[in-house]
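Here the structure is laid out as structure tokens; the discussion comes afterwards.
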Protein chains: 2
Amino acid sequence: MKTSADAPLRGAQPHCQTCSLNALCLPLSLTENDMEKLDDIIRRGRPIQKGQLLFKQGDESQSVFAVRTGALKTYTLASNGEEQITGFHLASELIGLSGYDAGKYPLTAKALETTTVCEIPMPQLDDLADDLPDLRKQLMRTMGTEIRHDQNMMLLLSKKNADERVASFLLDISQRYQRRGFSATHFRLPMSRVDISNYLGLAVETVSRVFTRFQKNEWIETQGKEIILLDNNTLYDLAGLTPVNEKCLHEA
Amino acid sequence: MKTSADAPLRGAQPHCQTCSLNALCLPLSLTENDMEKLDDIIRRGRPIQKGQLLFKQGDESQSVFAVRTGALKTYTLASNGEEQITGFHLASELIGLSGYDAGKYPLTAKALETTTVCEIPMPQLDDLADDLPDLRKQLMRTMGTEIRHDQNMMLLLSKKNADERVASFLLDISQRYQRRGFSATHFRLPMSRVDISNYLGLAVETVSRVFTRFQKNEWIETQGKEIILLDNNTLYDLAGLTPVNEKCLHEA
DNA sequence: CGTGGATTTGAATCACCTCAAAGGTCGTGG
DNA sequence: CCACGACCTTTGAGGTGATTCAAATCCACG
């Protein structure tokens, strides 16, 4: 079993057609021919370093991005300057679609570690979406998934207690790694405890205490950012999910 | 000034072309000709009574709906059966798009009062979206707006206190009525206090107390569901918005 | 090897919740 | 038209889970 420490791409993959992520990414369900057209408009830049911004709230939104390697967080700024993390984005996931029509990005995207992305200029993506029905459908699917994720977060933020939130979070990450072929029970969290607490609407100290308690109960094992899930049943139970139902935050 | 008690449509309006809401609704930015094509696939049924469901979480999703008159709430069900309201939907607003690709509605839609809707069958909308670029763009705009709304709600639910939540809520509703040509300061809330509290992630009692306190401070005046906003500046301040920035929950 | 940030732990506080009960409102049926 | 009941809203009192504040410890990195 690969671990999340492995890069999903051994070398730089300059084309969608040969990218190991294409079955999870935008090209999903595109024909070979359509995929080439999409590939033609994609720009692949140099890696972004940890802490750097991919784009900033209020910037003119010009592109949508697909994460190739690494991870990012997106967050909105409250008027008092506080940030609310709205999502973490792992390889193959799309960022920036919520600013598709708005002209400006409604949130900021910051790299959690060294990250490479595929940049898809919006005007050209827009044109292509008119020509390729499958691409349009995939874009709308992605937006629908995002809406369902956010609505699940609303449920989490307004109804779940600290334990339930952390369990939901761990299982969400677990399932997303699993879909990418990594271990569902042993992975490395790319984000800090502060980021987790912000995302879950809790204080850092609370998240820390929950992690400690989960470990005491032998539900998980933690070593810094390394996580091992020991008791999936309990975690699923806490999260309000059934292990059968593999669909978590990202799959409504 | 009209008040929200007036129906936005004097008589039944059987066509998008003559509907007073078309500038706010899906036909926005469509040409006369394209609007006719959209109009052709729209079904207009009999009114839904208060408390009735438009569709239910888990149902096969077959249509998108535009609210013609009245109001609905949409909510997701937690595993323990608790409901989390994800949105209120007033005239001209679209419901059901988040289930566009999913096959099943990821939430339930219930009428808050007698409500009429335009039903747009998804397969035909889907086909039409391939033919009419403007319609596709409008659909994606609508989904983008929904995403921004939900992310603003995440911010509200995890960072704002009770006062700030209620202020945000009142201003959101106010602005949405205003866009429809109604008074921004005097309106009738179509939903119960219980619904408001659920939506805002608070206990009913807390919402009630906040309303009482706002009234004592002469920031608002309430008479049951009737609301008058007296001190917009304070409310905007609480909500973390600037009165200049007219864009609230629905306009990121 | 030292430094600054991140994480953990402890103690005290607080905003909101829960429980309980008293009004209000609305629709229904007599 | 009024009385009744069901439900919604408001108000009060007390409890609590999570926060805040403070400080020790761990860790990554130059």
Side-chain angles (χ1 to χ4, degrees), chain A residues 5 49-51 73 80 82-85 110-114 156-170 188-217 220-227 238, chain B residues 5 49-52 73 78 80 82-85 110-114 156-170 188-217 220-227 238:
Chain A
Q49 296 305 315
K50 176 175 177 172
K73 63 175 173 181
N80 57 10
E82 270 189 315
E83 69 182 57
Q84 168 63 39
I85 296 178
K110 182 182 275 189
L112 293 168
E113 54 194 33
T114 304
L156 177 145
L157 291 170
S158 92
K159 293 281 185 301
K160 297 187 181 178
N161 66 26
D163 284 9
E164 292 165 348
R165 294 183 196 198
V166 172
S168 298
F169 170 74
L170 289 174
R188 182 185 170 78
L189 297 173
M191 71 294 288
S192 71
R193 296 287 193 272
V194 176
D195 285 339
I196 296 172
S197 68
N198 180 301
Y199 180 61
L200 296 178
L202 298 168
V204 205
E205 296 92 328
T206 304
V207 170
S208 178
R209 280 183 254 267
V210 173
F211 270 86
T212 305
R213 184 148 18 91
F214 279 16
Q215 187 153 19
K216 271 195 187 117
N217 294 345
I220 66 172
E221 208 176 304
T222 65
Q223 174 83 264
K225 296 196 189 312
E226 293 289 334
I227 302 281
L238 271 174
Chain B
Q49 295 304 313
K50 176 176 176 171
Q52 283 189 315
K73 63 175 172 180
N80 57 10
E82 269 188 314
E83 70 181 56
Q84 168 63 37
I85 296 178
K110 183 183 275 190
L112 293 169
E113 54 194 33
T114 305
L156 178 146
L157 291 170
S158 92
K159 292 283 186 300
K160 296 187 182 180
N161 65 27
D163 283 10
E164 293 165 347
R165 292 184 197 198
V166 172
S168 299
F169 170 74
L170 289 175
R188 183 185 170 79
L189 297 173
M191 71 295 286
S192 71
R193 296 288 193 271
V194 176
D195 285 338
I196 296 172
S197 68
N198 180 301
Y199 180 61
L200 295 179
L202 299 168
V204 204
E205 296 92 330
T206 303
V207 170
S208 178
R209 279 184 254 267
V210 172
F211 270 87
T212 305
R213 183 147 21 88
F214 279 16
Q215 187 153 20
K216 272 196 186 118
N217 294 345
I220 65 171
E221 207 178 304
T222 65
Q223 174 84 267
K225 296 195 191 312
E226 293 290 334
I227 302 279
L238 271 174

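The sequence lines fix the lettering, A, B, ..., with proteins before strands; numbering per chain opens at 1. Quick caveat, the model's predicted, so the values are computed rather than measured.
- The shortest heavy-atom contact between B:Ser192 and B:Lys225 is CA-NZ, 3.6 Å.
- Remark: B:Lys73 engages B:Glu83 in a salt bridge, criterion side-chain N to carboxylate O under 4.0 Å.
- At its two ends the helix from C:dC1-D:dG30 to C:dG30-D:dC1 runs along axes set 50° apart, each axis drawn from five pairs and the angle rounded to 10°.
- Counting heavy atoms from C-beta on, the side chains of B:Gln52 and B:Lys110 never come closer than 4.5 Å.
- Counting only heavy atoms from C-beta outward, the side chains of B:Val210 and B:Phe169 never approach each other to under 4.5 Å.
- One N or O on the side chain of A:Arg193 and one on the backbone of A:Gly224 form a donor-acceptor pair closer than 3.5 Å.
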Mark up nucleotides 8-18 of chain C, 5' to 3', with B wherever a protein heavy atom is under 4.0 angstrom from a base atom, S wherever such an atom reaches only the sugar-phosphate, and - elsewhere. BBBB----SSB

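- With rounding to whole Å, A:Asn198 atom CG is found 15 Å from C:dA6 atom C1'.
- Here the side chains of B:Tyr199 and B:Val207 are not in contact, with every heavy-atom distance at 4.5 Å or above.
- Among the protein residues, A:Lys50 comes within range of no part of the nucleic acid, since none of its heavy atoms lies under 4.0 Å from any strand.
- A heavy-atom distance below 4.5 Å is not found between the side chains of A:Ile227 and A:Arg188.
- At a threshold of 4.5 Å between non-hydrogen side-chain atoms, the residues A:Lys159 and B:Asn80 do not count as touching.
- Put simply, chain B comes within 4.0 Å of DNA chain D, heavy atom to any atom, from D:dT9 to D:dA13, going 5' to 3'.
- In this structure a side-chain-to-backbone donor-acceptor pair under 3.5 Å is present from A:Glu164 to A:Asn161.
- Atoms CG (A:Asp195) and P (C:dG5) sit 16 Å apart, rounded to a whole Å.
- Taking the nucleotide of DNA chain D with the nearest heavy atom to each of A:Gln223 and B:Lys225, the more 5' of the two is matched to B:Lys225.
- Evaluated for a side chain to side chain contact (heavy atoms under 4.5 Å, CB included) with A:Met191, the options A:Leu112, A:Asn198, A:Ile85 yield exactly one hit, A:Leu112.
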